[in-house]
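These values consider heavy atoms only, across backbone and side chains, with no hydrogens, waters or symmetry-generated copies.
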Amino acid sequence: MPPRRVITPPPLVELCVTELMNYLRRELMLCSQVRHYQHNSLLLRRRGIDADSLVAELRDHLDCLPPALSEMVRQQITNKLLSSSKPMAIDKGLLVGMLDIVLNIEVKTLEFGDSQFRCNSQIWPLVLKKCTGLQRFALVSNMFTPDKISDVQPFLISLASNCPLLTELILKDSVQGPLTLAAIGKSCHLLRTLDVTGSQISCSDLVYLCVQSPPTVVSDKYLDSAYEQEFNPLCQTLEMLLLGNTRVRARGAAFILRVFPNLTSLGNFVFTASALKRLYGPKTRPWPGHKLKHAFYRGPSDVKLKVLANCCPELESLFVGSEVPRRVGFHNFMAFKMLRRLALEQIECEDIMAWLRHTPNLVQLHISSPGVDVGIVGQCCPLLGKLTVTEDPSRTVTIPNSETPIYSKLQELKMVCVISLDCGALFFTSAPKLRSIEIIRIRKLSDAVLSSWLRRNSLQFLEVLMLRHVELTKRSVDMLLERCPNLTRLGEVASWDVRSWECRRLMDWVAQENYVLELVPYPSRTPATIRELLTDKWDYWESDEDTDGQP
């Protein structure tokens with residue numbers, strides 16, 4: 001049976017931080033009342049009580065903590081305030097007041113992930129004044145509307161100047177023009193990660209990030225002669241510069257690859273191969289000292305794929321895709337000995353099989369091409385831990401002749417497509433370590449078939465099982481609950497052959513027995529493309545048309 005809920009008290013640290021936050025909230029509400037009456041109350045004036053002195057006294061309570069404890073308490077309260085901004089946004093003055101008390105040089109991380117902050121301009125001055133010891137600052141995508149992006153640029157410029165210890169700067173969709181990049185390059189000497197994905201920057205703007213004394217007006221042609229300039233210290237420390245979905249093209253990327261010797265990733269940037277081709281030509285030897293570990297390419301050019309193969313022998317993650325189905329000679333990619341994560345989109349299945357035979361070390365694989373034989377995939381990738389398929393695979397499955405197990409290390413399976421009974425049998429009977437299964441539909445799956453599968457492989461580690469449009473009845477539900485002791489999520493039972501009253505009764509029984517089980521009765525939205533399926537690290541953007549002469 002599924003595990004039962006265990007009532008465990010929260011950790012002592014969590015209780016203490018929560019109690020301190022409640023205390024600060026009550027005291028700040030009192031201070032707001034004092035501020036409202038202090039000019040009209042004779043008693044308050046005679047006793048010299050005013051709101052500012054009370055707030056200063058609250059700050060003194062936190063200042064008396066030891067340094068290590070103070071840093072922990074302030075950081076945890078800050079994280080809670082920023083993550084719970086929606087319920088507290090009813091009174092924005094209260095949120096600003098608590099941040100005014102908590103924030104200081106000991107706070108190392110600020111992550112603004114809520115649109116509530118875009119309208120609250122009182123928070124930005126507090127950050128600039130108090131958080132001079134920041135090491136990580138993050139703004140998520142679409143935090144600012146297009147007409148408000150220019151208003152936040154002065155804040156970002158001041159932030160870079162006031163926080164020289166920054167090592168991670170996440171500014172998705174937030175940077176506009178060269179002035180912000182110039183401030184980052186001039187002041188952030190320890191920066192390792194700079195994410196400007198979706199920002200309004202061009203090739204010429206990158207000069208201001210790198211060059212110490214750039215000219216007033218920079219054109220794209222200046223990039224070809226800027227290598228002899230004196231560069232900012234940031235060029236030696238930066239390891240990740242994420243440029244996806246910007247106006248930067250091959251010329252700017254080539255400049256960046258040459259100026260930043262320790263760069264490991266340009267993010268989901270479609271012009272990486274074009275930049276390497278621009279630097280070294282189509283027939284190049286491996287790049288000495290090259291450190292790129294992530295590459296992204298979507299296009300029809302075989303030449304650029306050869307450039308990736310020749311220049312990037314140390315790649316660990318790679319995306320290769322096309323807008324239309326295409327053939328690719330994967331014999332050119334045998335140099336990728338370090339590849340661990342691979343995503344393929346609109347590539348002919350014959351070429352996929354040919355390449356996978358040379359990538360035995362893959363741990364993550366995303367396939368968005370029809371007709372793939374999942375049996376051969378399992379034989380070619382014995383270390384695979386996560387598999388995602390978004391197009392219907394081959395109905396027939398090739399079983400290995402030897403007794404070598406396949407998919408023995410697979411833990412996550414996501415198939416946003418319809419698969420045959422043979423495909424389903426391969427995974428349900430050959431993958432003993434599966435923890436998560438999400439499949440749109442398995443043709444002709446019945447209670448008897450599922451029972452035979454579970455007799456061969458009990459799925460002891462299974463935690464999530466999401467199936468849609470199958471012929472399973474409540475007998476299969478009972479069988480899964482009995483044989484999968486770690487099951488915590490099951491669905492979507494409304495698309496099974498389960499009556500509505502049976503589903504309601506089952507949900508009531510789960511609630512009454514206090515099981516840790518989430519029943520999903522209604523079909524949920526399923527991502528349609530590989531770009532919606534991939535994790536943050538694999539959050540690929542729509543490709544732009546290549547403009548360097550060859551697509």
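- Screening residues 185-210 for salt bridge (Lys or Arg N to Asp or Glu O under 4.0 Å) gives Lys172-Asp195 as the qualifying pairs, with residues at least two apart or on separate chains.
- By the side chain to side chain contact (heavy atoms under 4.5 Å, CB included) test, Pro233 is found to be paired with His189, Gln212, residues two or more places apart in sequence or in another chain being considered.
- One N or O on the side chain of Asn22 and one on the backbone of Thr18 form a donor-acceptor pair closer than 3.5 Å.
- A search for side-chain hydrogen bond (donor to acceptor under 3.5 Å, both in side chains) contacts involving Gln176 returns Gln200, not counting sequence neighbours.
- In this structure, CG on Leu241 lies 6.5 Å from CG on Leu209, to the nearest 0.5 angstrom.
- Partners of Ser204 according to the side-chain hydrogen bond (donor to acceptor under 3.5 Å, both in side chains) rule, which considers only residues two or more places apart in sequence or in another chain, are Ser202.
- Leu126 has its side chain within reach of Val96: a pair of non-hydrogen atoms, C-beta onward, lies under 4.5 Å apart.
- The two residues Leu266 and Ala253 have their closest heavy-atom pair at CD1-CB, 4.4 Å.
- Residues satisfying the side chain to side chain contact (heavy atoms under 4.5 Å, CB included) criterion with Glu518, sequence neighbours excluded, are Arg489, Val520.
- Residues passing the side chain to side chain contact (heavy atoms under 4.5 Å, CB included) test with Ala183 are Ile157, Ala160, sequence neighbours excluded.
- Looking at Ser199, its side chain does come within 3.5 Å of a backbone N or O of Val175 through a donor-acceptor pair.
- Checked against a 6.0 Å centroid threshold, the rings of Phe112 and Phe137 count as neighbours.
- With a 4.5 Å cut-off on side-chain heavy atoms, Leu62 and Ile101 count as touching.
- The salt bridge (Lys or Arg N to Asp or Glu O under 4.0 Å) pairs that include a residue from residues 144-160 number zero, where partners must be two or more places apart or lie in different chains.
- The side-chain hydrogen bond (donor to acceptor under 3.5 Å, both in side chains) check on Gln135 picks up nothing, with sequence neighbours excluded.
- Side-chain atoms of Lys130 and Asn104 include no donor-acceptor pair closer than 3.5 Å.
- Between Phe296 and Phe319, the gap from one ring centroid to the other is short of 6.0 Å.
- Contact check for Leu318 versus Phe336: side-chain heavy atoms found under the 4.5 Å cut-off.
- Under the side chain to side chain donor-acceptor pair (under 3.5 Å) criterion, the residue pairs touching residues 154-168 are Arg136-Glu168, with sequence neighbours excluded.
- The side-chain hydrogen bond (donor to acceptor under 3.5 Å, both in side chains) check on Ser53 picks up Asp50, with sequence neighbours excluded.
- With sequence neighbours excluded, no residue forms a side chain to side chain contact (heavy atoms under 4.5 Å, CB included) with Pro154.
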Quick one, Ser274 with Lys304, criterion side chain to side chain donor-acceptor pair (under 3.5 Å). Give me CA distance, side-chain angles, the key distance, then yes/no. CA-CA 6 Å; Ser274 301; Lys304 292 176 182 175; 3.0 Å; yes
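- Here CE of Met143 is found 11.0 Å from CG of Leu171. Values are rounded to the nearest 0.5 Å.
- The pair Glu348-Arg326 does not meet the salt-bridge criterion, since no charged nitrogen lies less than 4.0 angstrom from a carboxylate oxygen.
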Less than 3.5 Å apart, which donor and acceptor atoms pair up between the side chains of residues 63-72 and the rest of the protein, not counting sequence neighbours?
from  : atom 1 : to     : atom 2 : distance (Å)
Asp63 : OD1    : Arg74  : NH2    : 2.9
Ser70 : OG     : Arg74  : NE     : 3.0
Ser70 : OG     : Glu106 : OE1    : 2.5

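- No salt bridge links Arg327 with Asp302; every basic N to acidic carboxylate O contact stays at or beyond 4.0 Å.
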